[in-house]
Amino acid sequence: MPINNYILLSIALFCIGIVGVLTRRNAIIIFMCIELMLNAVNLLLVAFSKMHARAALLAGDVNGTAGTDGQLFVFFIMVVAAAEVSVGLAIIVMMYRNIHSVDVNFLNRLKH
Amino acid sequence: MQNALQIVYLIPLLPLIGFLINGLGRKYLPKPVIGVVGSGVILASFILSVWVFMQVKGMPVPYIASYFNFISVGDLKIPFAFQVDQLSSLFLLIITGVGFLIHVYSTSYMHEEKAEHFGRYFSYLNLFIFFMLLLVMGANYVIMFIGWEGVGLCSYLLIGYWFKKTEYNKAANKAFIMNRIGDLAFLIAIFWIISRVGNVNFSDVFAVANGEVEFRKFSATDITVITLLLFIGATGKSAQIPLYTWLPDAMAGPTPVSALIHAATMVTAGIYMIARSNVLYSMSHITMDIVAYTGLATALLAATIALKQNDIKKVLAYSTVSQLGFMFLALGTGAYVAAVFHVMTHAFFKALLFLGSGSVIHAMSGEQDIRNMGGLSKKLKITFWTFVIGCIAIAGIPPFSGFFSKDAILLSAFVKSPLLYGVALFTALLTAFYMFRLLFITFTGTFRGTHEQAHHLHESPAGMTLPLIILAILSIIGGFVGVPEVFMHGGDRLGQFLAPVIKPNEMHHVSHSTEYLLMGLSTALVLVMIAAAWFKFRNYQRKEETGFGKVLENKWYVDELYDKIIVQPLHQLGGFFKSVFEVSVIDTLVNGVGKAVNYGSRQLRLLQSGQVGSYVLLMVLSMIVIFAVQFFIRK
Amino acid sequence: MVAFFLIFLPLLTGLLVFFIKEEKLVKGFAFLSSLATLTVSLLGLTLFKAEEHLQFTAQWMQPLGSSFSLKLDGMGQLLCLLTAISYPLVFLGSWNSSYTKPSNFFALMLLAQAGLMGVFLAMDALLFYFFWELALIPMYFLCSQWGGERRIQVTFKFFIYTFIGSVLMLIGILYLQSKTPDHSFSLRAFYNLELTTKTQSWLFWLFFLAFAIKMPVFPFHTWQPDTYEQSPTPTTMILSGVMVKMGLLGLLRWLLPVLPIASYVWGDVVMSLSIIGIVYASLIAIRQDDIKRLVAYSSIAHIGLMCAAIFAENKSGMQGVLLQMFNHGINIIGLWIIVEIIERRFGTRKISELGGLAQKAPAMAIFFVIIALANIALPLTNAFAGEFLMFNGLLNAKSNYYLWFTVFAGLGIILAAVYTLNMIRKVFYGEVNTITAAATDLKLNEKLALGIIVVLIFWMGVYPQAMLDVTDNFSQALTERIDISHLFRKK
Amino acid sequence: MNALIISAILGVVMMFSSILLKQKGAVRNVAVTGIILLILVNILEMGGTVFFKVNTRGMIVFDQFALLFNSIIFLATLIYLLLSAKDMEKVGVNYAEYFALIFFILCGVTLVSSFKSLLILFLGIEIISIPLYILTGSDKRNLKSNEASLKYFLLGSFSTGLMLMGIALYYGARGTFSTVIDPLITVTAKPLLISGMSLLLFSMAFKVSAAPFHFWTPDVYDGAPTVFTSFMATIIKAAVFIGFIRLFDDAFEQVQSTWRIWIAVITAVTLFIGNITAVFQQSVKRMLAYSSIAQAGFMLLSLYAMNTEAKEGLLIYAAAYCFATIGIFAVLAKMSDYTFDGFNGLSKKEPLIAATLAILLLSLAGIPLTAGFLAKFYMLKAAIATPNSLWLVIFAVLMAAVSVYYYFRVIQAMYFKEGSTSSSTTEFSPFFKGAMLILAGLVILLGLFPDILVNWLYF
Amino acid sequence: MNIIQILFWFLSVVAIFSALMVITSKNPVYSVLWLIVTFFAISGHYILLNAQFLAIVNIIVYAGAIMVLFLFVIMLMNLNKETEPQKNRWLKMAGAVAGGCLLLVFVAALKGAGLKDQEAMVNEGDIGLIKNLGKELFTTYVVPFEISSILFLSAMVGAVVIGKKE
């Protein structure tokens with residue numbers, strides 16, 4: 001599969017995530033869109049890892065570990081994402097407790 | 001013998017010491033002591049001057065006493081040096097001699113002043129003498145300039161001596177500032193000389209001018225520029241067109257001051273300077289012409305104004321301006337000796353006239369308007385007679401001193417051009433007319449003042465009359481040092497005396513008969529004018545001036561003109577700069593930067609809307625821009 | 001060591017003064033300190049004239065290419081002497097003023113002195129910049145804390161203005177340093193640089209702006225009248241008497257010799273600005289009613305002349321400027337002392353509200369007249385020789401417009417007479433009014449301070465050569481360095 | 001390595017200290033002792049004593065630069081704790097946890113300063129960020145704190161996304177996450193690399209609050225409890241900067257010509273926005289937030305120049321900036337009124353505090369004799385050595401002049417304005433005063449002799 | 001077009017469609033569900049790329065844990081209605097346009113990325129297997145692995161700090 005396909009797919013998902021961040025005002029959905037962006041990155045990383053694995057294979061490196069680092073990175077991203085989600089949701093909940101809303105447009109005490 | 005002259009520094013130093021004693025001790029010394037010290041130092045200087053005068057007689061080259069380096073930068077070395085030669089020694093005599101008399105006169109005249117102010121007055125006078133001596137003794141233009149500005153300062157201080165009167169102070173300021181304008185030209189001339197000669201010693205400058213120095217030379221332009229600038233300097237100090245208006249106003253000072261500074265000495269500094277620089281002037285015909293015509297124009301203008309003045313001192317002041325104009329005429333026609341001669345005689349008779357007027361004012365308790373006088377001859381006999389002598393001298397009736405000097409000037413004017421002569425003669429006639437007008441209005445007819453004044457009228461004390469008498473005698477005989485060749489073989493002693501400094505004039509080619517004719521003509525016409533004045537003014541009655549007379553009374557409105565075209569515009573400009581340009585242009589620009597920052601701050605902070613969405617949007621937009629530029633433009 | 005002590009003494013005493021509480025003690029201590037500094041300065045002129053005493057070098061910021069190197073050259077001697085003389089005079093002249101928190105006031109004054117000395121002595125660009133700012137900071141606090149009503153804004157404007165100038169200069173310094181072969185900040189290294197005309201040109205403006213603001217030269221001057229007006233008078237004395245000389249020193253030591261070509265190329269522009277400034281400031285001074293502002297504008301005019309004379313680029317001009325730097329400082333301090341007395345006694349600085357002081361306070365009048373006349377460069381007063389040489393320099397300038405420059409600058413002389421005499425007339429002459437009726441004459445300390453100033457005025461007026469000799473070598477070397485005629489000859 | 005492990009352990013220790021120690025003072029003492037320990041082990045490591053020999057496979061390299069930087073950061077943290085630890089009590093009940101989070105953050109800082117792999121950078125940044133989200137929101141009842149926390153979290157996660165995309169593209173182009181580049185290998189997929197570089201640039205710019213990615217900064221700094229703002233604005237910012245400069249120095253050296261211009265633009269914009277916006281602020285805290293943006297702009301100059309001097313300078317800048325800002329925030333935390341007027345007349349009430357504060361402000365403004373000047377000086381010196389940089393340098397100093405405006409407003413308030421009638425400050429303890437004095441002394445010492453810091457680099 | 005390509009395109013279309021649905025759904029619960037669909041599609045891609053370990057982890061961690069957490073929170077807050085008021089239309093448009101532009105720019109930038117002949121190995125290669133990954137993780141990547149524990153610790157502490165009632 002041409003790597004460009006994966007790049008385009010990831011970029012598309014990534015940009016959809018960004019559009020979500022831009023257009024939604026529900027903090028949770030914004031956060032979900034960010035998760036979507038992370039997943040786009042994950043996909044790209046895996047695709048690249050396979051690309052590099054193939055390149056290494058073609059170069060004659062038969063039992064090399066080329067490309068594993070990409071997939072491991074994805075693993076770490078997931079780890080971090082999990083941690084982030086726990087903290088993020090905690091913050092959102094705390095926010096909700098105080099103002100009974102998760103609308104980011106209410107976040108305008110701090111400005112100028 | 002020459003080494004003995006080393007002590008010439010005492011001549012200016014003594015008045016300086018007098019100044020210090022009187023200035024510092026004015027609160028502690030009694031008036032007589034102040035008077036004695038003030039006059040005494042001048043007397044000592046005078047004696048020394050006489051001694052110096054004796055020494056320099058026939059001395060072929062000037063004696064230069066150098067004391068220390070005043071300013072020395074690179075090649076430019078300006079020593080603090082005095083030059084003693086015939087010209088300066090003559091001036092020394094005039095300054096210290098007349099100065100001494102006026103000091104003596106002042107002790108009486110200023111007697112009513114408080115001791116403190118009395119001391120101040122004498123310290124100023126002494127200081128003036130000091131600077132005047134510096135002026136004439138300086139061996140280079142810079143020392144001369146020091147004296148030049150110094151006398152201006154003293155003039156300023158003395159005009160504003162009665163400092164409570166705002167008008168007087170304004171007159172003092174005017175004098176100083178007008179002088180400063182001239183001084184600036186003088187300064188630039190000095191710089192010009194430095195740029196061409198490398199220093200400012202008279203000897204060096206004249207040597208270069210005479211072509212005695214290799215490598216250094218004046219071009220014709222240089223000469224013209226330098227001489228013109230020096231002349232402008234002289235117009236300031238010697239009250240010539242266009243800078244003459246300060247002198248009449250300067251009469252605000254005490255009368256002895258007018259006599260000393262504004263008649264006998266300071267105002268002649270310009271003549272001295274040009275006479276001193278005669279080598280340079282003789283090389284530039286343009287300048288000479290300008291000097292001559294300016295002098296003549298001034299003489300005429302001032303004479304016309306003097307015709308209608310009613311303040312006794314103002315008349316004398318304009319007369320002084322006019323006489324100074326004569327001197328410049330002489331200078332411009334190359335008759336340097338005649339000019340110096342006239343300086344001397346003028347010092348005698350004009351000092352006499354001023355002192356006489358002082359005596360009158362003293363008697364009239366400060367009244368200066370001649371319309372309120374009349375018939376004073378009965379009460380003030382000595383004053384009257386000495387005044388008459390002064391008037392005759394200035395009018396130019398032989399054998400009084402004024403005749404000879406004025407005649408010499410007229411003659412040189414005649415040689416140059418009959419037109420000059422004609423106008424000069426006319427002016428001389430006007431002089432006779434207004435002087436006798438003054439005399440008759442003041443001293444003849446009936447008294448027109450108040451009762452109180454009439455009651456108070458008295459002859460002045462001896463301290464005042466004695467100087468009058470001495471000056472009267474000098475006014476009578478002073479002319480004999482310059483009796484022309486026609487009258488006496490070996491005449492023109494003055495010219496011979498000054499010969500080492502001022503080369504005798506070669507163009508003196510007038511036949512004796514012509515000379516006699518001219519003298520007779522002028523004398524006759526002067527007598528006619530005196531007679532006219534007698535008939536017109538012996539029984540003067542006050543009346544308003546109209547028409548042309550009013551223009552003259554108002555001095556051709558020159559002061560107003562200056563005010564309109566120079567003073568006011570500058571004043572306005574200053575006001576514009578101060579309250580408009582400074583505030584709304586420069587400060588606005590400067591503060592504008594601050595305001596712009598402030599405004600920018602106020603607007604820019606609105607970018608910080610507080611909305612997460614807009615933050616992300618802005619971030620994304622900038623990312624787009626950077627990517628777009630990166631990949632589509634920069635490549 | 002002399003150089004070191006000139007900075008160290010005021011610095012140390014300044015820091016000590018912070019901890020003295022008693023006002024009398026503070027004043028006395030500060031005065032003694034300033035006298036000690038003066039003594040050191042005089043020793044540097046007389047007993048310890050040898051090179052090794054006048055130089056001081058220590059390691060400092062070695063990796064940056066800088067060192068703590070001080071040297072008293074001719075100009076340094078002159079300006080340090082000025083600084084050293086002015087402080088006792090200022091303290092003496094303002095002895096009767098009392099301040100809240102006197103210890104802070106005097107401590108800051110002394111620290112400013114240390115900064116000024118440093119500026120005058122530094123032979124290393126970084127060090128120079130350090131002191132340049134250090135002199136400014138105490139001044140900022142002094143003016144803002146003890147000044148008049150609008151002091152905060154005004155001083156702040158002054159501070160930011162000069163700060164902008166100095167940071168631009170910093171860039172110039174940094175650039176020059178990056179061009180030196182051994183990446184050094186030393187003056188010598190800067191002098192040895194050979195830069196293209198273009199580079200010199202923009203560097204020139206970076207430096208010149210800093211100095212122009214400091215001096216100040218038209219049109220960068222607007223901070224100055226305000227600051228002078230609002231500052232406490234002792235500070236104003238230092239500001240106008242000594243501090244503005246920093247700008248001139250900058251031109252003479254850090255601009256002209258480093259960037260000779262640009263200085264020549266832009267000389268006409270700078271001279272034009274300066275001379276416009278002379279006439280402009282003088283005309284404004286004529287219309288001023290506030291004595292402080294009047295003196296401030298007169299100072300702008302004087303400085304304008306000095307700046308113009310510097311760019312005449314000949315020895316006469318240089319010597320004149322150097323001499324005048326000293327004399328202007330002395331004179332203007334004298335003027336301020338009297339202005340302060342007037343302000344303190346009558347509570348007004350308005351010329352129109354004063355009058356007739358000569359009757360009530362003759363001594364004050366005499367001192368003022370003498371100093372004012374010295375300020376307008378009357379012969380035999382100190383300013384004459386300086387102005388004489390500067391004008392001579394101007395007329396002999398290499399510029400094509402030298403005559404115009406001379407004439408217009410000369411106009412300044414005349415206008416100076418106008419406003420000075422008018423001020424004297426209005427303040428001292430005439431009849432007394434309700435405000436001035438109760439005037440008293442000078443106190444002893446004031447007389448003493450003014451007396452010293454007057455003595456200096458006459459001494460320097462009659463024998464200016466004494467000072468000219470001090471700076472002779474310096475200006476000779478400077479004129480030789482900035483002479484770029486050999487460049488033209490090659491072509 | 002010492003510091004990394006010890007700080008992690010300390011974090012755990014602090015977690016438990018809340019259970020073991022009832023006294024808040026004791027907790028504080030443990031924390032201070034811990035930080036001193038950290039400094040010690042770090043300095044020991046600089047001398048070559050490594051306690052933990054761990055094979056990091058080249059992903060983490062503690063070189064002299066990183067170690068020196070860590071020392072500075074730990075020192076700053078020590079000062080921070082000494083000055084502000086007590087004020088944390090006011091924030092909330094989880095006193096010990098705050099310290100735990102701070103130590104975890106320090107752990108992240110050591111990673112960011114010494115990474116040789118993007119993975120470590122990523123983890124380091126996250127270890128720094130996640131506790132910060134918490135600390136920002138730690139004043140739970142305060143809506144501003146909530147808001148700041150959520151904004152920070154959302155925007156921070158967004159930037160993490162950008163960063164990860166950048167890393168992914170970098171990986172695509174290079175085939176490795178290592179930043180140690182073999183200069184012989186040329187990258188064929190240059191657009192990929194440059195896109196990745198750009199995204200990393202954006203995200204790092206976000207973390208150091210460089211414009212136009214700075215928008216979170218004022219709001220978050222303003223909303224966060226002041227004690228933590230202090231920590232964020234100084235130590236964290238400096239740490240991320242070190243990461244930034246390491247990243248671009250190592251990984252993207254080959255494409256320097258591409259990013260240099262963008263750094264220049266970002267620098268200029270950052271300086272402009274930071275300084276100009278700060279001018280109009282009424283709250284000192286918010287002013288300091290903008291000022292931190294402005295200071296970041298100056299620090300970016302080191303990135304722009306990227307030479308030896310720039311790196312040395314960044315160390316000094318970090319130190320100077322941290323010391324000064326921590327001190328100011330420490331005083332600010334004790335004020336009841338955060339507006340400029342709140343400082344009115346402080347010099348009368350607390351002359352010593354006012355004086356030290358003035359010195360710190362002067363340092364921030366870049367006045368000579370203070371560390372702040374030398375820091376700026378280094379930056380300018382480094383920048384001017386690069387060609388065609390004059391416009392940027394001139395712009396920078398002009399903006400520095402603008403910065404004088406707002407810093408001096410505080411000085412003006414303290415010294416030249418009359419204070420309000422009611423005492424707007426809490427009492428300053430003698431200990432606090434002493435610490436401030438030492439801090440001011442440190443700032444001046446560093447301003448006079450930067451060598452003492454820089455020389456460590458060449459041990 | 002072989003089966004792999006068909007699968008690729010199918011999964012891609014599903015991923016993008018569901019992603020779009022995530023951001024357009026009014027109801028947050030739907031968004032969550034669509035996001036889970038996206039994650040499944042991405043997991044499908046992982047399997048396609050022979051990265052089985054990640055595919056499983058993705059489903060377990062993301063779809064299983066994280067999204068449930070989201071759902072839980074949404075339910076907790078009672079946000080399962082279409083409560084979101086209309087955001088400023090212009091801002092929304094601007095957001096969409098900006099996102100679109102970003103996509104365009106990205107695509108344009110990466111199109112000529114110089115990877116024309118590069119392909120991702122599909123359905124072959126064993127690096128994505130748990131054995132290989134595990135070995136790498138606990139040898140080469142053990143340090144980052146340990147470090148991530150610090151991350152978790154801090155997140156834990158953080159969650160406690162935030163969550164604990166005072």
Side-chain angles (χ1 to χ4, degrees), chain C residues 18 59-66 68 100-101 104 111 115 118 126-137 140-141 143-147 151-153 155-157 159-179 183 185 199 202-203 205-206 209, chain D residues 307-309 312-313 316 347-348 351 355 358-359 362 365-370 373-374 376-387 389-406 408-409 411-417 447-451 453-455 457-458:
Chain C
F18 270 121
Q59 278 213 346
W60 185 66
M61 300 216 184
Q62 198 67 25
L64 280 173
S66 173
F68 195 90
T100 53
K101 295 201 189 163
N104 289 7
L111 290 183
L126 187 58
L127 195 64
F128 172 71
Y129 183 80
F130 252 74
F131 283 119
W132 179 275
E133 294 279 332
L134 281 194
L136 182 63
I137 296 289
Y140 169 73
F141 278 95
C143 301
S144 298
Q145 185 139 24
W146 288 277
R151 62 185 193 278
I152 297 180
Q153 308 95 289
T155 316
F156 200 39
K157 180 172 162 186
F159 184 81
I160 296 224
Y161 216 146
T162 42
F163 188 77
I164 289 175
S166 52
V167 288
L168 291 178
M169 174 173 78
L170 179 64
I171 293 178
I173 290 176
L174 282 170
Y175 186 83
L176 286 173
Q177 189 255 2
S178 73
K179 290 290 162 207
H183 291 283
F185 281 103
T199 314
W202 59 258
L203 278 172
W205 285 102
L206 286 182
L209 267 179
Chain D
N307 45 32
T308 328
E309 241 151 22
E312 284 174 16
I316 292 180
S347 72
K348 298 239 165 54
I359 289 173
L362 290 177
I367 305 293
L369 255 198
T370 59
F373 166 73
L374 267 185
K376 285 202 165 74
F377 178 80
Y378 262 100
M379 292 294 134
L380 295 173
K381 191 159 175 274
I384 212 159
T386 50
S389 56
L390 195 73
W391 65 275
L392 184 61
V393 177
I394 289 182
F395 187 75
V397 294
L398 288 180
M399 286 298 132
V402 172
S403 79
V404 167
Y405 179 83
Y406 50 82
F408 272 55
R409 274 178 74 190
I411 294 181
Q412 284 173 353
M414 290 193 302
Y415 278 94
F416 314 135
K417 293 192 174 155
L448 280 174
F449 307 106
D451 315 11
L453 195 63
V454 178
N455 281 348
L457 273 181
Y458 308 104

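Residue numbers start from 1 in every chain, and the chains themselves are labelled A, B, ... in the order their sequence lines are given, proteins ahead of strands.
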Would you give the length of the straight line joining atom [atom1] of [X] to atom [atom2] of [Y], rounded to the nearest 0.5 angstrom?
| X | Y | atom1 | atom2 | answer |
| --- | --- | --- | --- | --- |
| C:Phe185 | D:Lys381 | CZ | NZ | 5.5 Å |
| D:Leu369 | C:Ile137 | CG | CD1 | 9.0 Å |
| D:Ile394 | C:Trp202 | CD1 | CH2 | 7.0 Å |

| said: With chain D as the partner, which of C:Tyr175, C:Tyr140, C:Trp60 has the greatest number of non-hydrogen pairs under 4.5 Å? | reply: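 So the answer, after comparing C:Tyr175, C:Tyr140, C:Trp60, is C:Tyr140.
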| request: Identify the two heavy atoms, one from C:Ile160 and one from D:Ala401, that lie closest to each other, and give their separation to 0.1 Å. | output: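 The pair with the smallest heavy-atom distance is CD1-O, 4.0 Å.
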| Checking side chain to side chain contact (heavy atoms under 4.5 Å, CB included) for the pair C:Leu174/D:Val393: CA distance, chi angles, key distance, verdict? | CA-CA 10 Å; C:Leu174 282 170; D:Val393 177; 5.8 Å; no
| Neighbour count >12 (heavy atoms, 6.0 Å) for atom CD, C:Gln62 |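 Counting neighbours around CD of C:Gln62, more than 12 heavy atoms of other residues, nucleotides or ligands fall under 6.0 Å, so yes.
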| said: Using heavy-atom distances under 4.5 Å, tell me whether D:Ala365 contacts chain C through its side chain, its backbone, both, or neither. | reply: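 D:Ala365 touches chain C through backbone heavy atoms alone.
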| request: Pick one of side chain, backbone, both or neither for D:Tyr405, based on which atoms fall under 4.5 Å of a heavy atom in chain C. | output: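 Contact with chain C involves both backbone and side-chain atoms of D:Tyr405.
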Considering only heavy atoms, which portion of [X] lies under 4.5 Å from any heavy atom of chain D: side chain, backbone, both, or neither?
| X | answer |
| --- | --- |
| C:Leu134 | side chain |
| C:Leu170 | side chain |
| C:Lys101 | side chain |

| task | Evaluate the side chain to side chain contact (heavy atoms under 4.5 Å, CB included) criterion for residues C:Ile164 and D:Val404: first the C-alpha distance (whole Å), next the side-chain angles of each, then the deciding distance (0.1 Å), finally the verdict. | result | CA-CA 10 Å; C:Ile164 289 175; D:Val404 167; over 6 Å; no
| task | Mind running side chain to side chain contact (heavy atoms under 4.5 Å, CB included) on D:Phe377 and C:Tyr129 for me, showing each step along the way? | result | CA-CA 11 Å; D:Phe377 178 80; C:Tyr129 183 80; over 6 Å; no
| field | Audit row: C:Val167, D:Lys376, side chain to side chain contact (heavy atoms under 4.5 Å, CB included) steps and yes/no | value | CA-CA 11 Å; C:Val167 288; D:Lys376 285 202 165 74; over 6 Å; no
| Partner residues of C:Phe128 under the ring pair (Phe, Tyr, Trp, His ring centres under 6.0 Å) criterion, sequence neighbours left out |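 For C:Phe128 the ring pair (Phe, Tyr, Trp, His ring centres under 6.0 Å) partners, ignoring immediate neighbours, are C:Trp132, C:Trp254.
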| field | Centroid-centroid distance, D:Phe416 to C:Phe156, less than 6.0 Å | value |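 No, they do not, as the ring centres are separated by 6.0 Å or more.
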